[in-house]
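Okay, so here's the structure we're looking at.
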Amino acid sequence: MTPQPTAGPDGAVETVFRMEFPRVVAAVARIVRDVGIAEELAQDALVAALERWPRDGVPDNPGAWLTATARHRAVDLVRRRETYARKLAEIGRDQATATAPPEEPADPDDIDDDLLRLVFTACHPVLSAEARTALTLRLLGGLTTAEIARAFLVPETTVAQRIVRAKRTLARKNVAFEVPYGPDRDARLGSVLDVIYLIFNEGYAATAGDDWLRPALCEDALRLARVLSGLMPKEPEVHGLTALLEFQASRTAARTGPDGEPVLLADQNRSRWNRMLIARGATALARADAVASGPPGPYVLQAAIAACHAHAYRYEETDWHRIAALYGLLAARTPSPVVELNRAVAVSMARGPEAALPLVDALSTEPALRDYHLLPSVRGDLLSRLGRTKEAREEFTRAADLAGNAREREMLRRRAEGMEG
């Protein structure tokens, strides 16, 4: 959700602040070790800019000005809370340069390191998935509470409470503002990637509401993934997630019809797929392969599956046998009923619906899929292709009843009504 430039000093402050907010918070959090306080100090820097920029003009490097101003206030806060001698060693270079906001950060690499620390802090597993998502969008996406609430169709007060609780939890649990290493880093990185993927998926196929797509959420997630790729260039799964999102985002323009109705993959006009994003996805996937030292992880495998779709100029050219094989590897790597359902779809395209129906029926008792509308939807499609239209109609009707998104519900009901027999 890129802020749009607006005229005048006040507009410049708003635009720059939205763009630089994550870096400002990250730089300050390293000093105060509390993301809640860091956000408050970033807001103080915004107030200072609103007061000074209209009078003195916008500085040549406004992002550096905001960061340095917030750092200055952070050092003052530390001085008030702790004795100067005790904190001098910790604030280091920040103390030495705190007398006036410089035009450039002392070391740009430090900013990137701070941003990486902020990513891992916002996505710490001590927080619930909902809290991680809200805090990530707030601190790293620069979204307001109202924007997050609109994106997820929940009351603004709910989002505000999640963010406040998340900050308090991080402070109460004394979560270190750091990039973890070893096994802890692997576990935490998975949480970071999962949060970004969750944000993207909610924009790509909204679970509720009247709109099938929420492109702004996809854009935010893709931007976060690209930033993470730059910060962690030697992590194959980071590049794998970025590749996956690039490939998925390339289809956005073709995924809805004129009235906003969903368009299934088989019916999409592939000339509307964004070839630039597909090329970016291929590049990111190649980077993942280049830095990998072991078997591919789940995001690299999903990106490879998405690449099969992206490189097929017609639906009939899709390499379903390779996709089914990749889903088999993914199921072995990260067993999941949803992965098995997707594998069944690929098997149906590679070997026919009769080969896939037993795989889908075997999932009918999975507790995780009990209210998952795509299970009866997939089963209905297989039954339809087998000519068992009455059963297919029943499955599509059940899928429609379970669907939370209005557009998807309408599509499934139309499919049910189109079944004869």
Side-chain angles (χ1 to χ4, degrees), residues 201 204-205 212 244 247-248 251 254-255 261-270 273 296 298 301-403 405 408-409 411-421:
N201 276 342
Y204 193 70
W212 171 239
L244 174 61
F247 285 134
Q248 299 286 68
R251 308 178 203 163
R255 294 189 70 242
E261 70 278 8
V263 178
L264 298 176
L265 182 64
D267 301 322
Q268 289 175 18
N269 178 358
R270 299 193 175 207
W273 287 8
L301 288 170
Q302 290 179 78
I305 291 168
C308 291
H309 292 296
H311 296 318
Y313 284 88
R314 295 188 305 122
Y315 184 73
E316 295 76 17
E317 297 173 359
T318 307
D319 189 348
W320 288 107
H321 288 280
R322 174 167 170 74
I323 291 175
L326 287 168
Y327 268 121
L329 293 175
L330 183 60
R333 183 76 165 77
T334 53
S336 157
V338 173
V339 171
E340 287 295 341
L341 183 61
N342 287 330
R343 185 172 77 87
V345 172
V347 167
S348 78
M349 299 305 299
R351 294 163 44 199
E354 63 281 351
L357 188 58
L359 301 177
V360 174
D361 288 342
L363 296 171
S364 61
T365 58
E366 284 285 347
L369 300 183
R370 183 179 57 188
D371 298 322
Y372 190 49
H373 69 286
L374 291 182
L375 177 60
S377 175
V378 168
R379 192 167 190 275
D381 183 68
L382 297 178
L383 292 169
S384 173
R385 290 163 58 191
L386 289 169
R388 296 162 59 177
T389 54
K390 181 179 179 181
E391 295 171 86
R393 182 172 66 245
E394 293 173 354
E395 292 295 323
F396 284 131
T397 299
R398 188 161 74 92
D401 291 341
L402 290 172
N405 183 273
E408 196 169 13
R409 188 162 52 245
M411 178 189 69
L412 290 166
R413 284 176 177 162
R414 284 196 303 271
R415 295 199 72 183
E417 292 166 358
M419 293 292 102
E420 299 176 358

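What you see is a predicted model, and the numbers here were worked out from it, not measured in a lab.
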Which donor-acceptor pairs under 3.5 Å do side chains of residues 305-316 form with protein atoms, sequence neighbours excluded?
{"unit_1": "Arg314", "atom_1": "NE", "unit_2": "Glu317", "atom_2": "OE2", "d": "3.3"}
{"unit_1": "Arg314", "atom_1": "NH1", "unit_2": "Glu316", "atom_2": "OE1", "d": "3.4"}

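- Contact check for Glu417 versus Thr397: no side-chain heavy atoms found under the 4.5 Å cut-off.
- Residues meeting the side chain to side chain donor-acceptor pair (under 3.5 Å) test with Glu394, sequence neighbours left out: none.
- For Arg270, there are no salt bridge (Lys or Arg N to Asp or Glu O under 4.0 Å) partners, not counting sequence neighbours.
- Residues satisfying the side chain to side chain donor-acceptor pair (under 3.5 Å) criterion with Asn269, sequence neighbours excluded, are Ser271.
- Judged as a salt bridge (Lys or Arg N to Asp or Glu O under 4.0 Å), and not counting sequence neighbours, the contacts of Glu391 are Arg388.
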Extract all donor-acceptor atom pairs below 3.5 Å that involve side chains of residues 366-377 and protein atoms in other chains or at least two apart in sequence.
{"unit_1": "His373", "atom_1": "NE2", "unit_2": "Glu408", "atom_2": "OE1", "d": "3.2"}
{"unit_1": "His373", "atom_1": "NE2", "unit_2": "Glu408", "atom_2": "OE2", "d": "2.8"}

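- A search for salt bridge (Lys or Arg N to Asp or Glu O under 4.0 Å) contacts involving Arg398 returns Glu395, not counting sequence neighbours.
- The shortest non-hydrogen separation linking Leu301 to Pro296 is CD2-CG, 3.7 Å.
- Minimum interatomic distance between Thr389 and Met419 (heavy atoms only, all atoms of both residues): O-CB, 3.7 Å.
- A donor-acceptor pair is defined here as one N or O able to donate and one able to accept, closer than 3.5 Å; no such pair exists between the side chain of Ser384 and the backbone of Gly380.
- Not counting sequence neighbours, Asp319 has no partner by the side chain to side chain donor-acceptor pair (under 3.5 Å) test.
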Donor-acceptor list for residues 350-364 side chains, cut-off 3.5 Å, not counting sequence neighbours:
{"unit_1": "Asp361", "atom_1": "OD1", "unit_2": "Arg379", "atom_2": "NE", "d": "2.7"}
{"unit_1": "Asp361", "atom_1": "OD1", "unit_2": "Arg379", "atom_2": "NH2", "d": "3.4"}
{"unit_1": "Ser364", "atom_1": "OG", "unit_2": "Asp361", "atom_2": "O", "d": "2.7"}

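- Judged purely by atom type and a 3.5 angstrom limit, Gln268 uses its side chain to pair as donor or acceptor with the backbone of Val263.
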Identify every side-chain donor-acceptor pair in residues 342-349 under 3.5 Å, counting partners at least two apart or on other chains, and give the distances.
{"unit_1": "Asn342", "atom_1": "ND2", "unit_2": "Val338", "atom_2": "O", "d": "3.4"}
{"unit_1": "Arg343", "atom_1": "NE", "unit_2": "Glu340", "atom_2": "OE1", "d": "3.0"}
{"unit_1": "Arg343", "atom_1": "NH2", "unit_2": "Glu340", "atom_2": "OE1", "d": "3.1"}
{"unit_1": "Ser348", "atom_1": "OG", "unit_2": "Val345", "atom_2": "O", "d": "2.6"}
{"unit_1": "Ser348", "atom_1": "OG", "unit_2": "Arg385", "atom_2": "NH1", "d": "3.1"}

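- Among residues two or more places apart in sequence or in another chain, the salt bridge (Lys or Arg N to Asp or Glu O under 4.0 Å) test is passed with Arg322 by none.
- Contact annotation: the side chain of Thr334 approaches that of Leu330 to within less than 4.5 Å [non-hydrogen atoms, C-beta and beyond].
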